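What follows is a single structure, written as structure tokens, with notes after it.
We count residues from 1, following the sequence as given. All heavy atoms count here, side chains included; hydrogens, waters and symmetry mates do not. The shown structure was predicted, so the numbers you read here are calculated from the model rather than taken from an experiment.
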Amino acid sequence: MKKIDKTMIVIKHIKLFLLLTLGLVTLTLSAQDCQTLTPIAANNTSAAIPGETMGQKLESLLFWSQQEKEERFSIMHAIFPSIQVANGSKSAPFESIESVNPQWEDETSVSSYMDKNRVKGVIVLKDGKVNLEEYADGVDQETLWTSFSVAKSVSSMLLGVALKEGDIESLDDPLKKYILDFEGYDYGEVSVRQLLTMTSGIDWNEDYEDANSDVAQMYKAPCEDTESHILTYMKPLKFIHKPGTHWNYSTGETDLVGILIQKATGKSLAEYLSEKIWQPYGMEHCAYWLADECSNLNIGGSGLSASLRDYARLGTLMLNKGKLGDDTIFSEEYLDNATALRYKTNDQGGGYGYLWWRFKNGSYAAFGIFGQMLYINPNKNLVIAQIAAWPKAGSENLSKKRQAFIEAVERGVE
């Protein structure tokens, strides 16, 4: 890399640090225009969560009780350090039509599906119009709900923007070009494309029920100066496969996608999302994105809290291939490959794109633990979004019930 390139990246890093520090300091003031908890309520809730550091408290969510999940998933942005995703002065309106009647193959109804599976909200858009919108008690159109791994796909979208604008020059660039901390480490040799497809070849354990897994340990260590938890944790990890040859699901790598975008653009994910999508696309509510307690960088693999309707708007933006006016916000390379079947992950023809799950019928989705979902079917011009507090982070049974809901909706809109 040329010397001038390194100088520009260092300047971006300094700019990013100043912007993020200012953003977190002013969060309480700016949040007055958006939904948040009072400081006392937020502090009391945080104090009740086990762990000495914010990272340890965040990791504990994998083992919260059902009541704790249902109480806290809507206030994550107030409990933990977060940066506001500001919306604009006008929102893109939704037109509603007569509700669709999802058709299950048994006696399941929308109400029983939501009650039995602790689903807190569902919305269905067909041809851009609301066909179904239901909420559980205590949740409504104003509620901000954490997305968990749905945020991975939002980070993917932002990378598609950064690629078009030239802040990221090529998906084949090594990570060390943008994340200077990776110089001399295995992750420094991983390409941007390999990171986006979770094919780095570096060892990682994503078992949500194992307290010793990587995903349960990645934020637990004390801060090392202002280095992100995830950088400290992942720098020493080693290759166990040749890069690009083996797919392995890794939340840690999507946190790195977030760091990559922030290092390359000099802006927080929250600021970049607000500037490039939230305001120009007319999102209805402010959102919030969790920030790492050590670096103040947003967490790319999780932590975005938004309203159900605004999650559906993100799906509509993807369905429309990123069109804003006469242009698209994504690079052509991103549009061609982000939701394509880049890597097959099962025997049913499904697989993975650029942090999007891809299915045999051409539909694609973002899924988060505890039941979060953003599903897009271009063939039916359909978007489905769901927020939930499943009893488990994930299970084959719960996933099958979610898939049955999708299929019931698709039968109902035919």
Side-chain angles (χ1 to χ4, degrees), residues 55 58-59 61-62 76 83 146-163 168 171 175 178-179 181-182 187 190-208 213-219 228-235 237 243-244 246-265 268-270 272-273 289-292 295 297-306 311 314 318 334 337-339 342-343 345 351-358 364-370 372-374 393-394:
L58 186 60
E59 289 281 14
L61 69 84
L62 292 172
M76 295 286 283
I83 302 175
T146 190
S147 60
F148 291 112
S149 290
V150 171
K152 293 175 170 61
S153 301
V154 180
S155 291
S156 171
M157 294 169 73
L158 294 179
L159 194 141
V161 175
L163 190 62
I168 295 173
L171 294 186
L175 295 184
Y178 304 98
I179 306 176
D181 310 77
F182 276 154
Y187 260 115
V190 173
S191 73
V192 176
R193 191 188 311 275
Q194 289 159 357
L195 195 67
L196 271 179
T197 52
M198 296 191 184
T199 59
S200 70
I202 290 179
D203 196 19
W204 182 266
N205 180 350
E206 188 84 7
D207 186 343
Y208 301 116
S213 67
D214 292 303
V215 74
Q217 292 290 324
M218 59 185 179
Y219 304 138
S228 297
H229 273 304
I230 200 63
L231 281 180
T232 301
Y233 189 84
M234 299 187 80
K235 275 197 304 188
L237 301 184
H246 181 82
W247 182 84
N248 182 46
Y249 192 85
S250 170
T251 290
E253 294 197 344
T254 53
D255 278 359
L256 295 184
V257 170
I259 290 175
L260 166 65
I261 295 166
Q262 291 169 103
K263 299 285 190 181
T265 65
S268 70
L269 292 180
Y272 203 54
L273 178 60
W289 207 320
L290 297 191
D292 177 84
S295 66
L297 295 174
N298 286 125
I299 299 171
S302 187
L304 177 66
S305 290
Y311 286 129
L314 285 172
M318 286 299 297
Y334 182 83
N337 293 287
T339 60
R342 298 287 301 175
Y343 287 90
T345 60
Y352 213 60
Y354 292 161
L355 307 186
W356 289 94
W357 295 99
R358 165 63 189 253
Y364 55 95
F367 294 132
I369 55 173
F370 298 111
Q372 322 320 313
M373 174 180 69
L374 178 56

Enumerate the salt bridge (Lys or Arg N to Asp or Glu O under 4.0 Å) contacts for residues 146-155, please, sequence neighbours excluded, ordered by first and then second residue.
none
Check whether the ring centres of Tyr352 and Trp357 lie less than 6.0 Å apart, and answer yes or no.
yes
My understanding is that only residues two or more places apart in sequence, or in another chain, count here; which of them pass side chain to side chain contact (heavy atoms under 4.5 Å, CB included) with Thr197?
Thr199, Arg342, Tyr343, Tyr354
May I ask you to test the Ile299-Tyr219 pair for a side-chain heavy-atom distance under 4.5 Å?
yes
Which residues pass the side chain to side chain donor-acceptor pair (under 3.5 Å) test with Thr232, sequence neighbours left out?
Glu227
Please step through side chain to side chain contact (heavy atoms under 4.5 Å, CB included) for the pair Ile168 and Leu260, ending with a clear verdict.
CA-CA 9 Å; Ile168 295 173; Leu260 166 65; 4.1 Å; yes
Verdict with reasoning, Asp255 to Tyr233, per side chain to side chain donor-acceptor pair (under 3.5 Å)
CA-CA 11 Å; Asp255 278 359; Tyr233 189 84; over 6 Å; no
What closest approach, in Å, do Leu297 and Ile259 show between heavy atoms, and which atom pair accounts for it?
CD1-CG1, 4.1 Å
To the closest 0.5 Å, what do you measure between CH2 (Trp356) and CG (Asn337)?
15.0 Å
Which heavy-atom pair separates Leu237 from Trp204 by the least distance, and what is that distance?
CD1-CE3, 3.9 Å
Residues passing the ring pair (Phe, Tyr, Trp, His ring centres under 6.0 Å) test with Tyr187, sequence neighbours excluded, are Phe182
For Ser147, enumerate each residue passing the side chain to side chain contact (heavy atoms under 4.5 Å, CB included) test, keeping only those at least two apart in sequence or located in another chain.
Val150, Ala151, Leu304, Tyr311
I'd like to check the side chain to side chain donor-acceptor pair (under 3.5 Å) partners of Trp247; sequence neighbours left out, ordered by chain and number.
none
Quick check for you: to the nearest 0.5 Å, what is the distance between Leu256 atom CG and Tyr178 atom OH?
15.0 Å
How close do Tyr272 and Ile261 get, heavy atom to heavy atom, and via which atoms?
CD2-CG2, 4.1 Å
For the student: nearest non-hydrogen atoms of Gly300 and Trp289, plus distance
O-CZ2, 4.2 Å
Assess whether side chain to side chain contact (heavy atoms under 4.5 Å, CB included) is satisfied between Leu195 and Val192, documenting all intermediate values.
CA-CA 5 Å; Leu195 195 67; Val192 176; 5.6 Å; no
By side chain to side chain donor-acceptor pair (under 3.5 Å) - contacts of Ser156 (at least two apart):
Tyr334
Pairwise distance CZ(Phe370) to OG1(Thr146) - rounded to 0.5 angstrom:
10.5 Å
Spell out, as yes or no, whether a donor-acceptor pair under 3.5 Å connects the side chain of Ser153 to the backbone of Leu355.
yes
Restricting to side chain to side chain contact (heavy atoms under 4.5 Å, CB included), what partner residues turn up for Ser302, sequence neighbours left out?
Phe148
Got a second to check how far Asp214's CG is from Ile230's CD1, nearest 0.5 Å?
8.5 Å
Which pair of non-hydrogen atoms, one from Glu253 and one from Met198, has the smallest distance, and what is that distance?
OE1-CA, 3.5 Å
Of all heavy-atom pairs linking Leu273 and Val154, the shortest is CD1-CG1, 4.0 Å
Among all residues two or more places apart in sequence or in another chain, which pass the side chain to side chain contact (heavy atoms under 4.5 Å, CB included) test with Ser213?
Asn205, Asp207, Asp210, Val215, Ala216
For the backbone of Thr251 and the side chain of Glu206, can you confirm whether one donor and one acceptor N or O come within less than 3.5 Å of each other?
yes
Spacing of CD1 belonging to Ile179 relative to CG belonging to Leu231, to within rounding of 0.5 Å:
6.0 Å
Do side-chain atoms of Ser191 reach the backbone of Gln194 as a donor and acceptor pair under 3.5 angstrom?
yes
Among residues at least two apart in sequence or on other chains, which ones pass side chain to side chain donor-acceptor pair (under 3.5 Å) with Glu59?
none
Just so I know, are the side chains of Met76 and Leu58 near enough to count as touching, which here means a heavy-atom distance under 4.5 Å?
yes
Which residues pass the salt bridge (charged side-chain N to carboxylate O under 4.0 Å, His left out) test with Arg193, not counting sequence neighbours?
Asp172, Glu333
